[in-house]
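Since the structure is predicted, the reported quantities are computational estimates derived from the model, not experimental observations.
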Amino acid sequence: MSLFSMPFVDTGVDAALHGVALVVLVGVVAAAGIGFWKVHELPIDKAHKENHQQIGLITALTWIGFLWHWVWVLAVMVAFIDSGKALRRIRDIWRENERDIPVTATPEKEETSS
């Protein structure tokens, strides 16, 4: 005899509670898997929505990202960053720095006749 009473032990309710716990466990694992899949497919969805030029590359990187997660980060970067716009911005910044440098004329040597 125990000091504490154990409710639901050796009753039909015990088995029903185990069944409920199993359903909740399966539901949580399925929801986590579906959530992981939805997050993992973000680069591909973005590429298709924007009609990206590198859809094949993004798809390959996303699938490889299942094994190596850092490759998935590359897929996100390629999908979400407009590379043409970024390169034009870098070019403009580079040229802006060139324009700030004053151009000094080199003094010409005077010809002296003696």
Rounded at 0.5 Å granularity, tell me how far CH2 in Trp63 sits from CD1 in Ile44. 7.0 Å
Say you draw a straight line from CH2 of Trp72 to CG of Leu42; how long is it, rounded to the nearest 0.5 Å?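 It is 6.5 Å, given to the nearest 0.5 Å.
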Checking Phe36 now: which residues fulfil ring pair (Phe, Tyr, Trp, His ring centres under 6.0 Å) with it, not counting sequence neighbours?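 Expected list: His40.
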Residue set satisfying side chain to side chain contact (heavy atoms under 4.5 Å, CB included) with Ile81, at least two apart, ordered chain then number -> Met77, Ala86
How would you list, by chain and number, every residue that makes a side chain to side chain contact (heavy atoms under 4.5 Å, CB included) with Val24, sequence neighbours excluded?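 Listed in chain order: Val20, Val28.
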Show me the pairs that pass salt bridge (Lys or Arg N to Asp or Glu O under 4.0 Å) and involve [range], at least two apart or across chains.
range	answer
residues 19-34	none
residues 61-90	none
residues 47-66	Lys46-Glu50

List in chain and number order the residues that pass salt bridge (Lys or Arg N to Asp or Glu O under 4.0 Å) with Glu41, two or more places apart in sequence or in another chain; answer none if no residue qualifies. none
Are [X] and [Y] in one and the same hydrophobic cluster, where Ile, Leu, Val, Met, Phe, Trp and Tyr link if side-chain heavy atoms are under 4.5 Å apart?
X	Y	value
Leu87	Leu74	no
Val29	Trp37	no
Trp70	Ile64	yes
Ile34	Val26	no

Other cluster members, Ile90 - Ile/Leu/Val/Met/Phe/Trp/Tyr, side-chain contacts below 4.5 Å: none
Share the residues that join Ile55 in a hydrophobic cluster, the rule being Ile, Leu, Val, Met, Phe, Trp or Tyr side chains under 4.5 Å apart at the heavy-atom level. none
Which atom of Pro43 lies closest to which atom of Ala75, heavy atoms considered: CB-O, 3.8 Å
Minimum heavy-atom distance Ala47-Ile58, with the two atoms named: CB-CD1, 3.6 Å
Would you mind listing every side-chain hydrogen bond (donor to acceptor under 3.5 Å, both in side chains) that reaches into residues 53-62, with sequence neighbours excluded? none
What pairs of residues pass the side-chain hydrogen bond (donor to acceptor under 3.5 Å, both in side chains) test when at least one of them lies in residues 15-29, not counting sequence neighbours? Asp14-His18
